[in-house]
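Order of listing sets the numbers, starting from 1, for every ligand and every atom in it.
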Amino acid sequence: MSNYVLITGATAGFGEACARIFAKNKWNLIITGRRKERLELLKKELYDAHDVDIVTLSFDVREQQAVENAINLISEKVKNKLEILINNAGLAVGKGPIDNGIIDDWERMIDTNIKGLLYVSNAVIPVLKSNAKGHIINIGSIAGKEVYPGGNVYCASKHAVDALSKAMRIDLVSHQIKVTNIAPGAAETEFSVVRFKGNKEAADAIYSGFEPLTAIDIAETVYFAATRPAHVNLNDIVIMPTAQASSTILNK
Ligand code: NDP
Ligand code: 8X3
């Protein structure tokens with residue numbers, strides 16, 4: 001039986017694309033997200049196409065008890081074959097000067113991008129340790145490498161992901177658990193629609209005048225990192241559109 005990859009935020013964007021590429025390559029999946037209907041539709045589609053085992057777990061990564069309960073629901077048989085955790089669930093909410101910041105937006109980003117990633121990791125790391133090998137792939141961001149105008153709290157949350165990737169690598173090296181940080185630049189997904197609270201025009205403007213990355217570009221990168229030989233780990237990957245030189249420099 002093939003091994004399992006657990007993907008957070010598999011209902012859209014990078015996470016959904018990761019589910020597709022891993023299933024196509026005959027990996028079994030544990031797909032998670034809040035939108036249960038999307039998880040069930042994806043499960044049916046990928047099971048029909050690839051005949052892999054797919055477990056769906058619907059929970060909010062911000063709720064520690066819900067995270068723990070969901071991971072506890074996974075059968076021992078599946079846990080024994082769990083090899084990869086992709087910490088992908090995340091979001092930006094709002095973009096503007098810090099002195100105009102909305103506290104609720106800040107809390108959503110910190111609770112999801114930092115605390116949610118920690119809750120999921122806390123629940124899954126014991127499983128990887130007992131399997132005596134594993135791979136955690138954290139989806140950071142170019143916002144975790146640079147700070148840009150109006151990005152303040154989102155950038156801080158992704159700098160935290162960058163730091164946690166380094167810290168996890170140090171703390172888990174003796175358990176043969178690889179840790180990879182992937183830091184994408186501009187990629188067109190539901191990300192900007194969420195960031196601009198449903199304002200599609202504002203979201204579309206982010207990607208106009210250049211060719212952004214796609215979710216498939218990121219999923220292929222994740223899959224490549226996940227399938228290196230046992231003795232090779234890719235620590236940190238920054239991936240941007242060819243038209244992007246930094247957070248703020250775009251060839252439009
Ligand atoms: P999408 O908005 O397309 O997907 C985000 C995913 O995260 C959804 O599946 C969503 O599921 C899930 N999610 C969000 N909040 C929660 C929550 N509280 N609990 C559980 N799941 C949650 O965005 P992307 O695919 O673009 O983003 C994926 C990751 O990549 C994020 O961490 C983002 O910060 C990062 N990133 C994105 C970039 C981009 O330009 N698009 C660039 C660099 C990094 P649901 O709503 O069903 O819960
Ligand atoms: C998403 C990329 O540049 O909008 O993390 O912060 S950016």
Which of the atoms of ligand 2 are close to Tyr154, meaning less than 4.0 Å from one of its heavy atoms?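 So the atoms of ligand 2 that pass are 1 (C), 5 (O), 6 (O).
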
For ligand 1, which atoms sit closer than 4.0 Å to a heavy atom of [X]?
| X | result |
| --- | --- |
| Gly185 | 40 (O), 42 (C) |
| Phe59 | 19 (N), 20 (C) |
| Ile139 | 29 (C), 30 (O), 35 (C) |
| Arg62 | 18 (N) |

Which is closest to [atom] in terms of heavy atoms, [options]?
| atom | options | result |
| --- | --- | --- |
| atom 31 (C) of ligand 1 | Asn88, Ile142, Leu213, Asn113 | Asn88 |
| atom 45 (P) of ligand 1 | Thr32, Thr11, Ile7 | Thr11 |
| atom 5 (C) of ligand 1 | Pro212, Ala89, Gly90 | Gly90 |

Using a 4.0 Å heavy-atom threshold (strictly under), name the region of Ile142 that reaches ligand 2: side chain, backbone, both or neither.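 The side chain, only.
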
Residue part near ligand 2, for Lys158, under 4.0 Å between non-hydrogen atoms: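 Looking at Lys158 and ligand 2, no heavy atom falls under 4.0 Å.
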
Begin with the C-alpha distance, continue with both residues' side-chain angles, and end with the deciding distance and a verdict on salt bridge (charged side-chain N to carboxylate O under 4.0 Å, His left out) for Lys200 and Asp204. CA-CA 6 Å; Lys200 183 90 171 54; Asp204 288 347; 3.0 Å; yes

Pair [X] + [Y], salt bridge at N-O below 4.0 Å:
| X | Y | value |
| --- | --- | --- |
| Asp48 | Lys44 | yes |
| Lys36 | Glu40 | yes |
| Glu190 | Arg38 | yes |
| Lys166 | Asp236 | no |
| Asp53 | Lys77 | no |

Does some non-hydrogen atom of Lys95 fall short of 4.0 Å from ligand 2?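 No, Lys95 has no heavy atom closer than 4.0 Å to ligand 2.
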
Locate the shortest heavy-atom distance separating Ala17 from Ala215; write the atom from each residue and the value.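 Distance-wise, the nearest heavy atoms are CB-O, 3.6 Å.
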
NZ or CZ of Arg20 within 45° of Phe22 ring axis and under 6.0 Å: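 Checked: cation-pi criterion not met.
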
